[in-house]
Amino acid sequence: MLVCYLTDEPSKIPAIRALLGPDHHVVPGVLGEKLPFGSDGVLMIDADLRVMARVAQIKETLGDLKTVSEKLFVVQKHLHHMVAQAYALGATSVVRSNREIAPKLAEIEAAAKASGATGGAVRSEIVDCARAFASMFSAINHDQSIDLSEAERATARVVVGIERDGLGSWLDDVRRYHEGTFQHCLLVTGIAVGFALEIGFADLDIKRLGMAATLHDIGKAKIPLSILDKPDRLNPSEDKIMKRHPEIGHELLKDMPEIGADILDGVRHHHEYLDGTGYPDGLQAGHISDLVRLLTISDIFAALIESRPYRPPMPRQDAYNILCDMGGKLEKPLVKAFRNVALVA
Ligand SMILES: [Fe+2]
Ligand SMILES: [Fe+2]
């Protein structure tokens, strides 16, 4: 595969050539200099995103390479906000170490083959939505205010994308191109929108549920990456920290005048169960709204079908069976109605 390697540090080039050859054809370029490549192949960007001048150069370069469909960023593992910065710049994949590059390229190559000769261009809604998530997470990490209009725009694009192409292709595309928290948020929003369309919600209600889904895990921006991206099961103290994200999200949004009470309710209560065994408030059925019930089902299903580096995604039928086995925790008629969403082609 053709790999156009763009770096701010020419001394990294020999190591990348050694790492990827002879399986890939590496064409190196240096940021700020005339590029020896065009829009073909995978663009791999390896630069220090903490330096604003570099970020500006990358933006300019990407402006000239608009038709590149695969943009793989290499960021440093320990810097949480650099991952968000990469997605904000339009990354379609992010790796956190050189070790992860070859497996990721193999994945991209396999996906391109599977989707035919086009090379599997990443649809613009996914890139835009990931960018919106990245920018919200980044704002929170820098104690800046969140731009809700960005979340609204991203949600509206998901609705248009799912109405046009269906939920099945949205789920496949998201799982192919994104990982971790952004993948989860993209999946939940898509599933919630698909659910709302399936049960015939009015446009305004689709938008409300979509926005609640877009924002539901915003509190995770404050959870350390070592917990958020931990490949193994969380230990009890990590689990306790993770379970704070609904309250944190609620806290982050509650004073914003443009946020509706129903969306705040979704952010705070999407881990509540009808039998009172959920968190953070242990609500019983009578206190759990319809919007939250739909969101909870979408959230659990998304978490089950996510693709993770350490395990293959669970088949949708298996994930749906798990929902059906959750007894009194979820509303049975809604789980039944969800069948068409879960098993959509
Ligand atoms: Fe959550
Ligand atoms: Fe979630």
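Basis for what follows: all heavy atoms, side chains included, without hydrogens, waters or symmetry-related copies. One-based numbering along the sequence shown. Both ligands and their constituent atoms are indexed starting at 1 by order of listing.
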For Asp143, the salt bridge (charged side-chain N to carboxylate O under 4.0 Å, His left out) test, sequence neighbours excluded, returns Lys222
Arg316 side chain reached by Leu171 side chain, heavy atoms, under 4.5 Å = yes
Output side-chain donor-acceptor pairs under 3.5 Å for residues 287-296, partner residues at least two apart or in another chain, one line each.
residue, atom, partner, partner atom, Å
Ser289, OG, Asp265, OD2, 3.1
Ser289, OG, Val292, N, 3.2
Arg293, NE, Ile288, O, 3.0
Arg293, NH1, Glu331, OE1, 2.7
Arg293, NH2, Ala285, O, 2.8
Arg293, NH2, Ile288, O, 3.2
Thr296, OG1, His270, O, 3.1
Thr296, OG1, Val292, O, 2.8

Do you see an N/O/S atom of His184, backbone or side chain, under 2.8 Å from the Fe ion (ligand 2)?
-> yes
Please assess Ile241 against Glu238 for the test side chain to side chain contact (heavy atoms under 4.5 Å, CB included), listing each intermediate value before the final yes or no.
-> CA-CA 5 Å; Ile241 294 170; Glu238 291 167 336; 5.7 Å; no
Using 2.8 Å as the cut-off, note every protein N, O or S atom close to the Fe ion (ligand 1).
-> Asp217 OD1, His245 NE2, His270 NE2, His271 NE2
Sequence-distant partners of Arg153, salt bridge (charged side-chain N to carboxylate O under 4.0 Å, His left out), two or more places apart = none
Residues Glu9 and Thr7: side-chain donor-acceptor under 3.5 angstrom | no
